[in-house]
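First up is the structure itself, then whatever we jot down about it.
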Amino acid sequence: MKEESYETAYGQLLQLELPDGSSVTLNGNSSISYSPMVWKLFDSRKLKLTGEVFFDVAKKEKEGQSVKFQVLTRNLTIEVLGTRFNVIDRAGKESVVLEEGIVQLFLPQAEKPLEMLPGDYISYNSRISAMLRMKVQPEEYTSWKDKYIVLNNKTLGELAQIITSVYGKKVIFQNPGDKEIPLEGKVPSDEIKILITALHLVTKLDIKLKDDIVTISNSQEELTN
């Protein structure tokens with residue numbers, strides 16, 4: 001059956017309402033697809049994604065029974081009734097952060113699903129078949145949909161990965177040690193040039209964007225000399 005699909009370019013955000021009233025927000029370099037006919041004929045709310053997507057799922061019932069909503073990444077199946085959560089599927093790593101409600105997460109070769117509660121973070125690395133589970137502040141993973149990034153608990157190297165995957169910019173560190181610099185605060189994320197300017201103010205490093213390449217130089221050690 002014909003599928004409906006949506007995708008975003010690097011640095012683009014897209015908010016959509018699905019046929020059941022659920023809303024989704026796609027981060028840059030992301031896509032979703034589903035079959036409207038299957039949703040209509042079989043009450044099967046199933047959706048595939050790549051990249052990063054935030055879900056606000058509407059509750060739905062048929063003949064007094066709740067209709068489940070399923071999100072499929074390459075290796076994971078996320079099953080919900082009505083909830084708010086963030087899903088990432090990039091570069092061999094998939095993760096789910098639950099903001100509100102309850103989620104059942106099906107992992108490869110698992111005998112039974114994992115139940116997630118608000119504040120739970122679970123990631124799965126398909127390259128080494130490893131899972132990580134921990135408690136987090138959901139805002140640190142979902143703030144991008146509101147056009148800002150929470151830097152707390154991130155390093156400059158981790159933010160560089162976001163700049164590459166979401167904005168499509170290659171990041172070059174003149175001093176590899178700068179990747180480990182811890183970050184704090186918040187920076188706007190709706191435009192890459194504004195993000196880089198804010199990041200310069202936070203780190204006091206020399207950060208330049210030219211021809212899709214971000215160059216980071218002048219380590220903190222050099223600045224104090």
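Only heavy atoms go into these numbers, but all of them, side chains included; no hydrogens, no water, no symmetry mates.
- Other residues, nucleotides and ligands contribute only 12 or fewer heavy atoms inside 6.0 Å of the CD atom of E7.
- By the 4.5 Å heavy-atom criterion applied to side chains, L13 and N27 are counted as neighbours.
- A donor-acceptor pair is defined here as one N or O able to donate and one able to accept, closer than 3.5 Å; such a pair exists between the side chain of N29 and the backbone of S165.
- The side chain to side chain donor-acceptor pair (under 3.5 Å) search around K145 returns none, not counting sequence neighbours.
- Ring to ring, F85 and F55 are close: their centroids are under 6.0 angstrom apart.
- With hydrogens and angles left out, the side-chain atoms of E4 and Y6 include a donor and acceptor closer than 3.5 Å.
- Evaluation of the side-chain hydrogen bond (donor to acceptor under 3.5 Å, both in side chains) test over residues 113-136, restricted to residues two or more places apart or in two chains, returns D120-R133, D120-K135.
- For S44 (side chain) and V38 (main-chain N/O), no donor-acceptor pair under 3.5 Å exists by modelled atom type.
- Looking at R45, its side chain does come within 3.5 Å of a backbone N or O of L81 through a donor-acceptor pair.
- Both L151 and I216 are part of a single hydrophobic cluster, where members link through side-chain heavy atoms under 4.5 Å apart.
- The two residues R84 and E99 make their nearest non-hydrogen contact at NE-OE2, 2.6 Å.
- Using a 3.5 Å distance cut-off with no hydrogens or angles, the side chains of E94 and T73 do pair a donor with an acceptor.
- Of all non-hydrogen atoms in K2 and S35, the two that sit nearest each other are O-OG, 3.6 Å.
- For the pair K186 and E139, the minimum side-chain heavy-atom distance is below 4.5 Å.
- Side chain to side chain, E140 and N153 meet the donor-acceptor criterion of an N or O pair below 3.5 Å.
- The CD1 atom of I172 sits 5.0 Å away from atom OG1 of T215, with the distance rounded to the nearest 0.5 Å.
- Grouping the Ile, Leu, Val, Met, Phe, Trp and Tyr side chains by contacts below 4.5 angstrom, directly or via other members, places V57 apart from L72.
- Hydrophobic clustering of Ile, Leu, Val, Met, Phe, Trp and Tyr side chains at less than 4.5 Å, counting indirect connections, keeps V97 apart from L105.
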Show me, pair by pair, the donor-acceptor contacts under 3.5 angstrom made by side chains of residues 59-68, not counting sequence neighbours?
residue, atom, partner, partner atom, Å
K60, NZ, D43, OD1, 3.1
K62, NZ, D43, OD2, 2.9
K68, NZ, E79, OE2, 3.1

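- Put simply, Y10 and V187 are part of two different groups of oily side chains (I, L, V, M, F, W, Y) that touch within less than 4.5 Å, one to the next.
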Checklist entry - Does the pair V166 and W144 meet the rule for a side-chain contact (heavy atoms from CB on, under 4.5 Å), with working shown? => result CA-CA 10 Å; V166 175; W144 60 266; over 6 Å; no
Next on the checklist: Run T197 and I194 through side-chain contact (heavy atoms from CB on, under 4.5 Å) and show every step you take.
Outcome noted: CA-CA 5 Å; T197 298; I194 297 175; 5.7 Å; no
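- Within the 4.5 Å cutoff, the side chain of L107 has heavy atoms near those of the L114 side chain.
- Looking at Y167 and S189, their side chains come closer than 4.5 Å, going by heavy atoms from C-beta outward.
- With hydrogens and angles ignored, the 3.5 Å screen pairs a side-chain donor or acceptor of S143 with a backbone N or O of Y148.
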Item to check | Test log, rule side-chain contact (heavy atoms from CB on, under 4.5 Å), inputs K154 and E184 | outcome: CA-CA 8 Å; K154 289 183 177 65; E184 293 183 355; over 6 Å; no
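- The side-chain heavy atoms of V71 and T77, taken from C-beta on, include no pair separated by under 4.5 Å.
- Remark: L76 CG to D89 CG distance equals 7.5 Å, nearest 0.5 Å.
- Rounded to the nearest 0.5 Å, atoms CD1 (I128) and NZ (K93) are 9.5 Å apart.
- Here the side chains of F69 and I78 are not in contact, with every heavy-atom distance at 4.5 Å or above.
- In this structure, the side chain of T203 engages the main chain of L199 through a donor-acceptor pair within 3.5 Å.
- By the 30° and 60° cut-offs, the orientation of the rings of Y34 relative to W39 is tilted.
- The shortest side-chain heavy-atom distance between V53 and N86 does not fall under the 4.5 Å cut-off.
- The NZ atom of K169 sits 14.0 Å away from atom NZ of K210, with the distance rounded to the nearest 0.5 Å.
- By the neighbour-count criterion of 12 heavy atoms within 6.0 Å, atom CE of M131 is densely surrounded, having more than that number from other residues, nucleotides or ligands.
- The CG atom of L205 lies 6.5 Å from the CG atom of L156; values are rounded to the nearest 0.5 Å.
- Put simply, the side chain of T155 does not reach to within 4.5 Å of the side chain of I181, judged on heavy atoms.
- The closest donor-acceptor contact from the side chain of S22 to the backbone of A58 lies under 3.5 Å.
- Residue V171 forms a side chain to side chain contact (heavy atoms under 4.5 Å, CB included) with just one option from T164, L159, I162, and that option is T164.
- Note on V150: it does not cluster hydrophobically with I163, by side-chain heavy-atom contacts below 4.5 Å among ILVMFWY residues.
- Between the side chain of K204 and the backbone N or O of H200, no donor-acceptor pair lies under 3.5 Å.
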Item to check | side-chain contact (heavy atoms from CB on, under 4.5 Å) between L26 and I32, intermediate numbers included | outcome: CA-CA 8 Å; L26 283 69; I32 62 168; 4.2 Å; yes
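- For the atom pair OG (S30) and CD (Q12), the distance works out to 10.0 Å, reported to the nearest 0.5 Å.
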